[in-house]
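Take a look at the structure below.
Order of the sequence lines sets the chain letters (A, B, ...), proteins ahead of strands, with each chain counted from 1. The model shown is predicted, which means the values in this text are computed figures rather than measured ones. Below, each value reflects all heavy atoms present in this structure, side chains not excepted, and no hydrogens, waters or symmetry copies.
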Amino acid sequence: MKESLQVKVREQLGSRQSRRLRASGLVPAILYGHGEKSISLTIPDSQVKHAVQHGARLVDLSGDVTETALIRQVQWDAFGLEVLHLDLSRVSADETVEVVLPIHLKGTAAGTREGGVIEHVKHEVRILCPVVSLPEHLDMNINALHLNQEMTLGQLTLPAGAKLLADADEIVVHCVKVKSEADLAAAGAGGAEPEVIVKKKAEAAAEA
Amino acid sequence: MALMPKRVKHRKSQRGRIKGNATRGNRVVFGDFGLQAMQGGWIRAQTIEAGRIAAQQYIRGEGRLYVRMFPHKSITARPLETRMGKGKGEPAAWVAVVKPGAVLYELGGVTEEQAKLCMARLAHKMPIRVRFVRRRPA
């Protein structure tokens with residue numbers, strides 16, 4: 001689904017001005033692409049959060065700039081609470097874009113009834129996809145996943161005209177046996193004190 | 001058994017200071033949910049282990065727990081009732097240096113309700129303020 005963002009052209013540039021904008025509830029952004037001049041923008045914080053939290057890729061810009069854009073990058077603060085900056089790139093409907101999409105698992109794996117645990121190894125995938133068929137996420141059905149089996153990127157159902165930009169043999173999810181408490185304790189067991197790395201005298205003399 | 005490095009270059013380290021927020025390791029990477037530090041501090045190996053056990057006992061083999069911190073730093077202590085001087089004390093504990101924003105534990109393969117309950121149990125073991133976090137949108 002396309003989200004719409006009300007944008008204003010930003011005249012004041014620089015980190016100090018950006019900080020002031022953020023304090024007043026606006027998010028600094030930049031729009032670039034198609035060989036045209038890049039434009040610095042501001043977008044209301046609430047609209048940005050809504051678009052980002054809903055996993056929107058394509059956004060309709062209105063206000064000072066009327067265009068369709070792709071969210072290229074989102075910069076977060078250290079706690080992941082606030083969006084600091086947004087990178088938008090111009091796109092047209094007939095274009096193909098490179099995007100990173102999240103992979104969502106659907107269903108319940110048969111392996112969980114066989115004493116296994118689902119391990120979601122790969123959460124995101126890079127694909128080349130036409131703008132018109134760009135989804136918010138990719139789904140993978142894991143109903144047929146048994147114990148000690150895995151599903152790979154090649155088993156993903158891609159949108160029409162999309163191409164995978166990663167190794168198709170890469171594991172997305174697998175069902176493995178649960179590690180017992182004893183195994184975990186054994187893995188963590190060590191000596192009373194770590195070994196100290198010391199250069200031996202002969203080695204030091206050889207180096208000199 | 002509490003965590004500690006296998007090999008070290010020096011047995012003892014200086015205390016150092018925790019400055020700024022975590023710029024790496026501040027997002028959920030392996031699981032779906034996480035426990036994020038809101039304060040900086042030292043977390044002892046025993047505390048990390050206590051947290052792991054509290055969470056592991058709750059999830060009981062349903063999901064997968066990831067521990068995202070490791071105690072790389074040794075802390076020395078002087079024996080009780082000893083006079084000052086005679087050099088730095090002997091290593092007494094190992095700690096993980098945590099900056100605000102760092103993700104300490106992650107959990108995958110469970111529902112959000114289960115993850116929240118599990119992380120709440122785990123949070124009680126932590127000596128610093130923490131919060132429950134979800135995976136950030138890609």
Look at atom [atom1] of [X] and say whether more than 12 heavy atoms of other residues, nucleotides or ligands are closer to it than 6.0 Å.
X	atom1	value
A:His34	NE2	yes
A:Lys163	NZ	no
B:Arg44	CZ	no
A:Gln73	CD	yes

Taking the side chain as C-beta and beyond, is there a heavy-atom pair between [X] and [Y] under 4.5 Å?
X	Y	result
A:Pro194	B:Met4	yes
A:His123	B:Val29	no
B:Arg64	A:His120	no

Where on [X] is there a heavy atom nearer than 4.5 Å to chain A: the side chain, the backbone, both, or neither?
X	result
B:Ala37	backbone
B:Glu62	backbone
B:Arg7	both

What pairs with A:Lys122 under side-chain hydrogen bond (donor to acceptor under 3.5 Å, both in side chains), at least two apart in sequence or on another chain? A:Glu170
With rounding to the nearest 0.5 angstrom, report the CD to CH2 distance, A:Glu193 to B:Trp94. 7.0 Å
Top residue by heavy-atom pair count (under 4.5 Å) with chain A, among B:Lys9, B:Arg131, B:Lys99, B:Arg135? B:Arg135
Taking B:Gly109, B:Gly108, B:Pro100 one by one, which has the highest count of heavy-atom pairs under 4.5 Å against chain A? B:Pro100
Please determine, among A:Ile71, A:Val117, A:Leu105, the option with the most heavy-atom pairs under 4.5 Å with chain B. A:Val117
Within residues 75-82 of chain A, residues adjacent to chain B where the heavy-atom gap is under 4.5 Å: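 Residues A:Trp76, A:Asp77, A:Ala78, A:Phe79, A:Gly80, A:Leu81 are the ones that qualify, each having a heavy atom under 4.5 Å from chain B.
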